2 protein chains.
Amino acid sequence: MRPTVHHVAEEAGVSLATVDRVLNRRPGVRAKTVTRVNEAIAKLGYVRDISAANLAKQRVYNLVFIIPEGPNSFMLGLESELGQAKLYSALERINLDILKVRAFDSDALANVLDGLDLTQISGVALVATESHRVQGALARLRQANIPVVTLVSDVSAAHRDHYVGIDNVAAGRTAASLMGRFVGHKPGKIALLAGSMLVRDHVERRIGFEQVISAEFPELDCLTVQEGRDDAMVTRSVLADFLGREPGIVGLYSIGAGNRGVIDVLTSKPEYGSIAVVAHELTEHSKRALREGVFDAVINQDAGHEVRSAIRLLKASIDETQVIAKQEIIRIEIYIRDNLP
Amino acid sequence: MRPTVHHVAEEAGVSLATVDRVLNRRPGVRAKTVTRVNEAIAKLGYVRDISAANLAKQRVYNLVFIIPEGPNSFMLGLESELGQAKLYSALERINLDILKVRAFDSDALANVLDGLDLTQISGVALVATESHRVQGALARLRQANIPVVTLVSDVSAAHRDHYVGIDNVAAGRTAASLMGRFVGHKPGKIALLAGSMLVRDHVERRIGFEQVISAEFPELDCLTVQEGRDDAMVTRSVLADFLGREPGIVGLYSIGAGNRGVIDVLTSKPEYGSIAVVAHELTEHSKRALREGVFDAVINQDAGHEVRSAIRLLKASIDETQVIAKQEIIRIEIYIRDNLP
DNA sequence: CTGAAAGCGCTTACAG
DNA sequence: CTGAAAGCGCTTACAG
């Protein structure tokens, strides 16, 4: 049988209240008593039963998720996963608040962060757009002992406790290796289409992509990055123009969102059918594009996994417990027509 | 505030004990009283706090995992994940027992299943080798109301509650699509190497693979399947012989385990360097093979995810609660050199 | 067929 | 600085 606080109290010759004080590092216990209790804990191999503790405390975890608003399918998917998570989290005394903020707008993000009532919040997860103000706001949270997790798009490591997302340089390299093989060593130009070069994830994917193309597929030539603002409408006109005026394109790497716009353009002219396409994020649109042969591969990160992982990491920070490291690694998933979920 | 048993009792005008009887469907309550309590539950939207219930019950979940023994790296990985899971599961009153049985030996498996003490067990997960006797043994478990989950290799759906693993036909199709692209539409022969044609997963992968090759890459010719018993030594000699006597092989699909043997043979002669290779399961060996360009792609299923999923599914069956369906889907993962975890 | 009281492992005022 | 008692939401003998 697992030892309980009662066993520890008896072993240390103190009361339950004192054991509890030591366990929770509350002040007002003599150093000598602390030592006695800690020795008893070590001797018995006592491990606290967190659910019993939470029951007694009537603890509630108030977690705030801040995500970009707008018609980006991936972010809508993330939001829907958060909705799902909200339902079952309630059973574990976890409250999820979802706040939306303008995409790519670091000031708007900083405003939301600054507006949080720190006395009401146990942890924060955010899809970051980095800026000096955002960094300051995050520092304030962490000073208040509120754990911060970045989701999908990171800030520099000093300003958050964890990053939940993929290694975007590696994702770009992965895209490039697939692209090179799909094109099949015939020379040509590669079009690059991103949401914005202001967010770290898109920048990093591009870096990884160009690394591998220049090192291993020198016959391919990466053109200047076009920006579609992760918006299907903008993407459509930007890409249509670009393909119209650049002949000899054999491959397209769609770094960001806006896949609907990409698909519209690619299916608008028969000659675009031969372009090898690697895109990001599995959505209903990109799944269909894979099935119909418009896209050749999609690199994905599992939004549901990311949401659950962020929740587990925040809760573990708050409880000061361990997570299972391998469970929290977000994989760079490759999808082709045949392994769609 | 969430309603509790106290609120339900008051609303229904009964005692806590009676509420508890209804909640747990215990006998000895008048039908009329049952209705009153259920109405109160519905009216208040009461949801039982499982951790409080488990605390009161001092409930322990005894889960048995049955996996094949032997030097198969994937199964050793699965075992190590089970070891990990054992550590943290203890915190949630879950006991894991790991039983090992000879690989591909359905009688040995049936013997272990028949030997289980059904009064001591809450749930069973097994890597299945199917047979009539195994089916019978599983039926006996399920009659005793013990949930059964198959892991990695399935039996027919009537004999288990859940299957935790990938769709192996789709995995085979995925391997074929990659193979076809990697070979690059030049004609040639494809070698197929499996562990055993007695296990469903290997049979299914082969079916999927040949479907896609014959439909979409008619220039490729699949040769007779060789069996390596998921053993590196056996695999090595079988494959070396085979490649020695079959000229014109442009691709190799390694359906099962025994990757070490495959790597040894492929690196033994320079002319094998041009063979496109798709294999299964990410292990230290196959990762190295990807990095060094010996393998072109590896199809993987995440053993850690499978173990955790099996535990969650068994626990949910026992508690009669819901799981998050999407979290329990095991993905057909594709790894190339660039997206290794 | 039903209920009052004690207990699961932990925490929290309150008293001293 | 320390302890006795009550309580978190649920379940379990025991009594009637």
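Labels below follow one simple rule: chain letters A, B, ... track the order of the sequence lines, proteins then strands, and each chain is numbered from 1. Remember, it's a predicted structure, so these values are computed and weren't measured experimentally.
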With the side chain defined as heavy atoms from C-beta on, A:A53 is closest, among D:dC10, C:dT11, D:dC8, to C:dT11
Sub-4.0 Å heavy-atom contacts from residues 314-323 of chain B onto DNA chain C, ordered by number: none
What would the secondary structure line of DNA chain D be in dot-bracket form, counting Watson-Crick and G-U wobble pairs under 3.5 Å, with [ ] for pairs that cross earlier ones and | for pairs with another strand? |||.||||||||.|||
Scan B:V19 against the nucleic acid and name what it touches under 4.0 Å (heavy atoms): base, sugar-phosphate only, or nothing. nothing
Reading DNA chain C from 5' onward, which residue's closest nucleotide shows up sooner: B:V14 or B:R93? B:V14
May I ask you to verify if any side-chain N or O of B:R26 is less than 4.0 angstrom from the OP1 or OP2 atom of D:dT12? yes
Can you find a side chain N or O atom of A:T33 that sits less than 4.0 Å from OP1 or OP2 on D:dT2? yes
For B:D49, report the nucleic acid contact type (base, sugar-phosphate, nothing); a contact means any heavy atom under 4.0 Å. sugar-phosphate
What nucleotide, of C:dG3, C:dC10, C:dC8, holds the atom closest to the side chain of B:T18? C:dG3
Would A:R59 pass as a cation-pi partner of A:Y61, given that its NZ or CZ must be under 6.0 Å from the six-membered ring centre and within 45 degrees of the axis? yes
Between D:dC10, C:dG3, D:dG9, which nucleotide has the shortest distance from any of its atoms to the side chain of B:R48? D:dC10
Check for a donor-acceptor pair, side chain of B:D154 on one end and backbone N or O of B:Y163 on the other, with a separation under 3.5 Å. no
For the side chain of B:L55, starting at C-beta, report the closest nucleotide among C:dA4, C:dA13, D:dG9. D:dG9
Give the nucleotide from the list D:dT12, D:dG9, C:dT11 with an atom nearest to the side chain of A:D20. C:dT11
Looking at the side chain of A:Q58, which of D:dC8, C:dT2, C:dC10 is the nearest nucleotide? D:dC8
Under 4.0 Å, counting only non-hydrogen atoms across every strand here, what does A:N54 touch: a base, just sugar-phosphate, or nothing? nothing
